[in-house]
*Asks:* 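First the structure, then my questions, so here it is.
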Amino acid sequence: MNDQTPVIQLKGIGEKTQKLLEKLEIRSVGDLIRHFPRDYETFGEPVMIDAAKPGEVEAVRVCVAGIPNLKKVRGLTILNVTVRDASGGMSLTFYNMPYLKSVLRTGGFYIFRGLVQTRGRSKLMEQPRLYSETDYREKMRFIQPRYGLTKGLTNQTLQKAVKQALTYYEFQPEPYPDWILSDYALASEKEALCDMHFPEDRASLLKARKRAVFDEFFTFLFFLQKNKDLTKKVPNEYPMEEVAAAEAFRNALPFGLTGAQRRVWEEIKADLKGPCCMNRLIQGDVGSGKTIVAVLALLLCVSSGYQGALMAPTEVLAAQHFETLTDYTARYGLPFRPVLLVGSMTAGEKRKAYESIRSGEANLVIGTHALIQEKVVYHSLALVVTDEQHRFGVKQRERLAEKGHLPHVLVMSATPIPRTLALILYGDLQISVIDELPSNRKPIKNCVVNTSYRPKAYEFIARQVSEGRQAYVICPMVEEGELEDCENVADYAGKLRAALPDRIRVEYLHGKMKAGEKNRIMEEFSRGDIQVLVSTTVIEVGINVPNAAVMMVENAERFGLAQLHQLRGRVGRGEHQSYCIFISAKENRETMERLEILNHSNDGFYIASQDLKLRGPGDLFGIRQSGEFAFRTGDIYGDAPILQKAKEAVDRLLTLDPGLEAPEHALLAGRLAQNLENSIDFRSI
Ligand code: ADP
Ligand code: MG
């Protein structure tokens, strides 16, 4: 078996499972063995009842006290069992498992494992799993992988399939030269692939993970370096002089630019008028006002007689930018002739857009990555601005270069990272920082609460809506095998509708919705026709609805703080007092401590660094990190030391052998070329 072998050739995988796997983008054996577990389950030594932490999954070794009590409630059988150990007692509840009554002997010892909950002062578990001493010992010997799943597919099925695939897979020869493996203490590719799924122990898991993360970073940074070489000192083919229109617009705005915005605008102006092609990043926290600076740059571009383009990561965001810019054009008499270009437009609409772009009739093109596809021929494209989570990579630059000369590129990002990391991750760009918020902002009020606070939160939202405000609710995250994201959001919106007064319109948004539908919902929310928007994290990026004043996040404990901070950035964008409610299902001390950081800081850099400090490097599984650097395994904060090592390795390699021509680098060169061809995982390449 090799990377291309279809999964259906595995024993036990039929057409049905094949379809399910396809939903997870697993088609070949290669995909399967690179579908790394989402996290791992470890079976630790059972704990005493008084030490069992609420909110955690724990195992207890206990004695059944008294006679299990079986009752029937509306067709449901409920079995209640009281158990004890030397430290205290707790109660266990089992649903529809009446046979357990005869299995569990009063006075017998058992191990139960489940989520520890509290009711008043007493502890309980619902539906815990029962183990014999021997079974439990066996479980303790291994770390069990837990995969990202889809409805109908069990973890067990996936585990078996991966095990089989790893057994018959013909591993390719190790692509790294020996010096990389030894100097950076990396596991071999084969070891890493096996141990990511079925590690013997924690040490081998961490070593495997280190290799997987190193690979991602190495590939990314290698192409970043190529990108830099490609764009270094390219002459400015589109010198811009005409600044009057941009300055006039700046003066007409109802607010003055912040000092930071002014400084960044000066830097951009100098680039666009200067001798070399611009490749610049604007880094600024959410709400710092990056858009207006981009508009100024586009204005300079257009009034100098060229075309400009603004590229957003989603259609929703593209549509929003289109509206904002159309509105500015009319209100301030700007010379923009904007056109929208997104994937969901009909063939006819697209053709019209292409035509106006080709002829130069449109001088400002706003859209998603559709705007750099082959069919688009530009008349005189001189500046491309990309907004949020959208790196502009080698392939994209090449594509544009094929269309003419290399345009200036301006990238906007809200990812809060310290300067040392920024220099590595944006190695191909000049960096401008907007480190100041507009002065009219009121600090957001935050609270971190448990799920029992939900009804109060709903009341609060209802009150805010009656005062004319709007709210976002980020839906609970889906547990494996439970529901699909989309069902979950629809479900939750239904419950929320029932809980809120009828006059409040609640709608929902999720990633699997058709683009047109998403745009419609978002437009209605922008206009205020929808008051409460329930959503997965798709709204995380860049949406600007200044009237929205409440952000409620369910399962806040399962997000990275940097991501929560991004979510919070959707409110507090106007003059209204805004609120953020983080609901946490876990009440343990670490979770609360982590979320507390958000509670007392609104500073993205500070939050990201504190999150890292608290979590420590071993604790990276199970927390979803945010988007722009969406590496599959690596985390730019937690794995910063590996990132630095990977950077060093790339630099050494390229100094040693810039063209990767040495025989010992041939395999690596082949692998990198293959990765570029497949555009691998991160959007960035
Ligand atoms: P982000 O940096 O997150 O992309 P935006 O550019 O969307 O932020 O700006 C957020 C809001 O702040 C917008 O409504 C924008 O008009 C407003 N804004 C931008 N700059 C200023 C300023 N200097 N003073 C007041 N409001 C501003
Ligand atoms: Mg923005």
Side-chain angles (χ1 to χ4, degrees), residues 246-247 249-266 268 280-299 310-329 331-332 334 366 368 385-391 410-417 431-444 469-470 472 522 525-528 538-549 551 562-576 578 602-605 607 626-628:
E247 296 302 344
F249 170 62
R250 195 185 128 180
N251 292 327
L253 281 171
F255 48 78
L257 297 189
T258 62
Q261 283 172 315
R262 275 204 305 271
R263 193 184 63 234
V264 172
W265 167 227
E266 289 302 323
I268 293 170
R280 187 170 284 280
L281 165 79
I282 307 183
Q283 197 186 12
D285 213 339
V286 279
S288 61
K290 296 182 287 295
T291 315
I292 215 79
V293 178
V295 174
L296 287 169
L298 287 165
L299 202 45
L310 174 54
M311 185 156 92
T314 63
E315 290 206 6
V316 167
L317 211 53
Q320 184 184 289
H321 279 318
F322 183 72
E323 236 167 70
T324 308
L325 278 147
T326 308
D327 175 56
Y328 282 158
T329 305
R331 193 151 14 130
Y332 299 103
L334 306 181
I366 299 169
T368 49
V385 179
T386 75
D387 188 18
E388 316 259 7
Q389 295 207 346
H390 215 296
R391 291 303 304 275
L410 186 63
V411 180
M412 298 193 277
S413 164
T415 304
I417 39 176
I431 303 178
S432 290
V433 184
I434 304 187
D435 49 5
E436 185 185 349
L437 290 183
S439 57
N440 65 345
R441 300 286 157 75
K442 294 195 182 75
I444 299 168
R469 301 288 80 75
Q470 290 162 279
Y472 297 101
M522 213 43 236
F525 185 68
S526 292
R527 278 205 304 268
V538 291
I539 61 120
E540 184 188 342
V541 282
I543 298 290
N544 185 36
V545 180
N547 189 47
M551 165 65 69
Q563 194 179 12
L564 288 175
H565 178 65
Q566 290 277 327
L567 285 169
R568 174 164 66 184
R570 296 311 111 212
V571 298
R573 300 174 79 85
E575 75 268 33
H576 312 291
S578 293
N602 273 323
D603 175 347
F605 284 87
I607 290 169
S626 76
E628 180 173 7

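First listed ligand is number 1; within each ligand, the first listed atom is number 1. The shown structure was predicted, so the numbers you read here are calculated from the model rather than taken from an experiment. Count residues from 1 along the sequence.
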*Asks:* side-chain contact (heavy atoms from CB on, under 4.5 Å) with D387: which of Q320, H321, M311?
*Replies:* H321
*Asks:* Could you tell me whether some N/O pair between F255 and ligand 1 is separated by less than 3.5 angstrom?
*Replies:* no
*Asks:* Looking at V433, is its backbone amide N or carbonyl O close enough to the side chain of R263 to form a donor-acceptor pair, meaning the two atoms are under 3.5 Å apart?
*Replies:* yes
*Asks:* What about P438: any of its N or O atoms under 3.5 Å from an N or O on ligand 1?
*Replies:* no
*Asks:* Any side-chain to backbone donor/acceptor pair from E436 onto A260? Under 3.5 Å, distance only.
*Replies:*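 Yes: the side chain of E436 pairs with the backbone of A260.
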*Asks:* Quick one: sort the F525 and Y472 rings into parallel, tilted or perpendicular, breaks at 30° and 60°.
*Replies:* tilted
*Asks:* Using salt bridge (charged side-chain N to carboxylate O under 4.0 Å, His left out) as the criterion, list what pairs up with E266, not counting sequence neighbours.
*Replies:* K269
*Asks:* Below 4.0 Å from ligand 1: does a non-hydrogen atom of G574 turn up there or not?
*Replies:* no
*Asks:* Check each atom of ligand 1 against the heavy atoms of S288 and keep those under 4.0 Å away; list them by number with element.
*Replies:* 2 (O)
*Asks:* Can you name the atoms of ligand 1, numbered from 1 with element, that are less than 4.0 Å from a heavy atom of T258?
*Replies:* 23 (N)
*Asks:* Using heavy-atom distances only, which candidate in R573, Q566, R441 approaches atom 12 (O) of ligand 1 most closely?
*Replies:*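 Shortest heavy-atom distance from atom 12 (O) of ligand 1: R441.
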*Asks:* Would Q261 count as a polar contact of ligand 1, with the cut-off being nitrogen or oxygen pairs under 3.5 Å?
*Replies:* yes
*Asks:* Does ligand 1 have an atom that lies less than 4.0 angstrom from a heavy atom of G284?
*Replies:*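 No, G284 has no heavy atoms under 4.0 Å from ligand 1.
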*Asks:* Test your reading of the structure: does P546 have an N or O sitting under 3.5 Å from an N or O of ligand 1?
*Replies:* no
